[in-house]
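Shown next, in structure tokens, is the structure this report addresses.
Order of listing sets the numbers, starting from 1, for every ligand and every atom in it.
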Amino acid sequence: MERFSVTTPIYYVNDVPHIGHLYSTLIADVLARYWRQKLGNDQVWFSTGTDENSQKTVEAAQKKGLDPQRYTDQLAGIWQQTFERLGISFNDFIRTTEFRHKEAVQALLVDMDDSGDIYQGHYEGWYCVGHEAFMKESELVDGKCPEHNRNAEWLKEENYFFKLSKYEKDLLHWFEKNPDWVVPPSRYNEVKQFVKQGLEDISITRQSQRWGIPLPKDTSHVIYVWIDALINYLTTVGYPDQRYRQWWPSVHVIGKDITKFHCIIWPAMLMSVGIEPPKQVLVNGFFTVNGQKISKSLGNAIEPLALSKKYGSDAVRYFLLREIPFGSDGDFSEDKLKQRYVSDLANGLGNLVSRVTNMLEQFAHGQFVRSTTNSPQQLSRHQSAIEQYRFDEALGIMWEHLDAANQLIDVKAPWNMAKEGKRDELNSLLNDLANRVLNIAGLLEPFMPVTAKRIQKAFVEPVKKAEPLFPR
Ligand code: MSP
């Protein structure tokens with residue numbers, strides 16, 4: 001029986017979620033919901049969660065005067081609640097401070113060590129806590145990381161290293177064999193190019209830090225937060241217990257800033273222990289707000305919860321999925337959201353539902369005969385758009401059908417049929433319209449789950465004029 005397992009990046013808890021963070025999670029949610037419809041609920045696993053063993057966590061906790069664990073408990077709660085309110089249907093919310101995760105991380109590192117891939121060495125270099133990564137001197141501006149606008153620190157440590165360079169050939173071979181492994185192709189080429197230039201071994205522990213998961217063979221070191229974080233994808237499916245195999249390999253949805261970790265380091269770690277790399281890595285672009293980079297200092301970090309309170313969670317979902325083609329960069333603005341809210345949602349979908357339910361109540365005692373109106377071509381266009389991650393196109397197709405139904409009402413003027421006593425013609429038109437709306441609602445569920453449910457409820461007989469789905 002076919003199964004589908006999908007993950008999101010796990011999020012740093014040094015702050016609350018902004019609209020950019022919602023995006024990967026939303027894409028994963030659409031896929032999880034779509035595959036549940038197709039394969040059945042039990043055949044799908046969808047995980048998201050929080051990345052808590054970062055130095056950023058410790059700093060943020062200090063600022064709030066809390067100990068790191070109390071602080072992460074609070075923040076993880078906020079992230080989880082935000083996702084729930086936006087209709088994110090995760091099966092598991094994983095936190096890297098959980099015991100099950102520590103077990104999984106330590107088990108995997110013991111296996112990597114058994115493969116002879118971990119050795120002790122010396123590292124020094126510029127480290128940016130914002131990135132949680134070493135940086136090249138050429139990447140700094142006046143000693144500062146330009147992205148995080150903070151001074152890089154010179155770290156000089158005895159560390160443990162992972163023999164990443166050993167996997168250069170295996171990775172290239174894997175890329176050649178799996179040309180669709182990274183989507184979109186531009187990201188695939190970028191990753192391949194990077195490996196072709198040659199890989200260096202990477203330091204995977206920190207001696208100077210206490211907050212994190214200890215390295216089993218030398219507990220005076222904690223494991224580098226990125227190595228720990230990547231392993232969450234195995235923890236969530238039950239690793240080190242063998243039951244992880246029922247879900248692995250998973251599909252990873254990530255942002256374009258973290259491809260090297262997911263498409264190079266992670267598969268190499270898995271190759272080291274003989275576990276298959278992820279099934280596919282889907283990479284989304286970045287978006288700006290009103291043309292500007294999302295940043296705390298600019299104060300433009302829009303919170304998804306606030307937006308969803310104002311417009312409803314489905315309107316936020318619709319906007320992000322329709323406006324930004326998957327894989328591209330995009331721009332968010334509340335004005336554009338408002339425009340789509342009025343034109344596509346209130347005047348398009350909302351209006352159609354209220355017209356059809358109103359006419360059923362007035363002219364047909366709220367009764368109609370159910371049937372399938374989705375043609376096989378329509379369905380296959382819809383499915384291939386989703387399965388090839390063209391979510392904007394899938395929504396575009398649905399809206400073509402909604403618009404066509406709205407036009408049909410204008411052209412056929414059912415109210416005249418009622419006046420002229422053309423009962424049969426009127427009934428068959430109303431049946432057709434009701435079924436078109438209901439069939440579209442079914443296809444819409446992965447994208448707009450609340451709306452889909454409300455439409456299905458509005459068509460329970462006897463049908464009465466529905467409350468506006470998208471009040472102005
Ligand atoms: N904790 C790491 C991920 C570990 S996964 C094993 C991390 N966390 S993060 O909170 O900084 O970012 C999480 C995700 O949010 C990343 O995929 C990142 O690309 C995405 N985004 C952050 N800002 C974004 C935008 N402005 N636009 C789109 N995605 C953005 O990285």
Distance filter under 4.0 Å to [X] heavy atoms, resulting ligand 1 atoms:
{"X": "Gly255", "value": "17 (O), 19 (O)"}
{"X": "Trp226", "value": "2 (C), 3 (C), 4 (C), 5 (S), 6 (C)"}
{"X": "Ala229", "value": "6 (C)"}
{"X": "Asp51", "value": "1 (N), 2 (C), 4 (C)"}
{"X": "His262", "value": "5 (S), 6 (C)"}

Closest approach of any protein heavy atom to [atom], naming residue and atom:
{"atom": "atom 28 (C) of ligand 1", "answer": "Gly285 O, 3.4 Å"}
{"atom": "atom 23 (N) of ligand 1", "answer": "His18 CE1, 3.5 Å"}
{"atom": "atom 14 (C) of ligand 1", "answer": "Tyr11 CE2, 3.6 Å"}
{"atom": "atom 2 (C) of ligand 1", "answer": "Ile10 O, 3.5 Å"}
{"atom": "atom 15 (O) of ligand 1", "answer": "His21 CD2, 3.5 Å"}
{"atom": "atom 7 (C) of ligand 1", "answer": "Tyr12 CE1, 3.5 Å"}
{"atom": "atom 29 (N) of ligand 1", "answer": "Gly20 O, 3.3 Å"}

(message) On a heavy-atom basis, which atom in Pro146 and which in Val141 lie closest, and how many Å separate them?
(response) CG-CG2, 4.0 Å
Heavy-atom proximity to [atom], best of [options]:
{"atom": "atom 5 (S) of ligand 1", "options": "Tyr23, Trp266, Tyr233, Phe287", "result": "Tyr233"}
{"atom": "atom 31 (O) of ligand 1", "options": "Val289, Asn284, Ile258", "result": "Ile258"}
{"atom": "atom 19 (O) of ligand 1", "options": "Ile19, Ile227, Asp257", "result": "Asp257"}

(message) Taking the cut-offs as 6.0 angstrom to the six-membered ring centre and 45 degrees off its axis, would you call Lys192 and Phe175 a cation-pi pair?
(response) no
(request) Determine whether the side chain, the backbone, both or neither of Lys293 has a heavy atom under 4.0 Å from any heavy atom of ligand 1. (result) neither
Whether [X] and [Y] hold their rings parallel, tilted or perpendicular, with breakpoints at 30° and 60°:
{"X": "Tyr123", "Y": "Phe161", "value": "tilted"}
{"X": "His252", "Y": "Trp248", "value": "tilted"}
{"X": "Tyr389", "Y": "Phe326", "value": "tilted"}

(message) Strictly distance-based, threshold 3.5 Å: is any side-chain N or O of Trp399 a donor or acceptor partner for the main-chain N or O of Ala394?
(response) no
(message) Taking Cys128's backbone N and O only, do any of them form a donor-acceptor pair with His131's side chain (distance below 3.5 Å, no angle check)?
(response) no
(request) Could you list all the side-chain hydrogen bond (donor to acceptor under 3.5 Å, both in side chains) pairs where at least one residue sits in residues 228-238, not counting sequence neighbours? (result) Trp45-Thr236, Asn53-Asp228, Asp92-Thr236, His101-Asp228, His101-Thr235, Tyr233-His262
(request) Output all residues satisfying side chain to side chain contact (heavy atoms under 4.5 Å, CB included) with Asp15, sequence neighbours left out; order by chain, then residue number. (result) Lys296
(message) Measuring centre to centre across the rings, with the benzene-like ring taken for any Trp, is Phe46 within less than 6.0 Å of Phe93?
(response) no
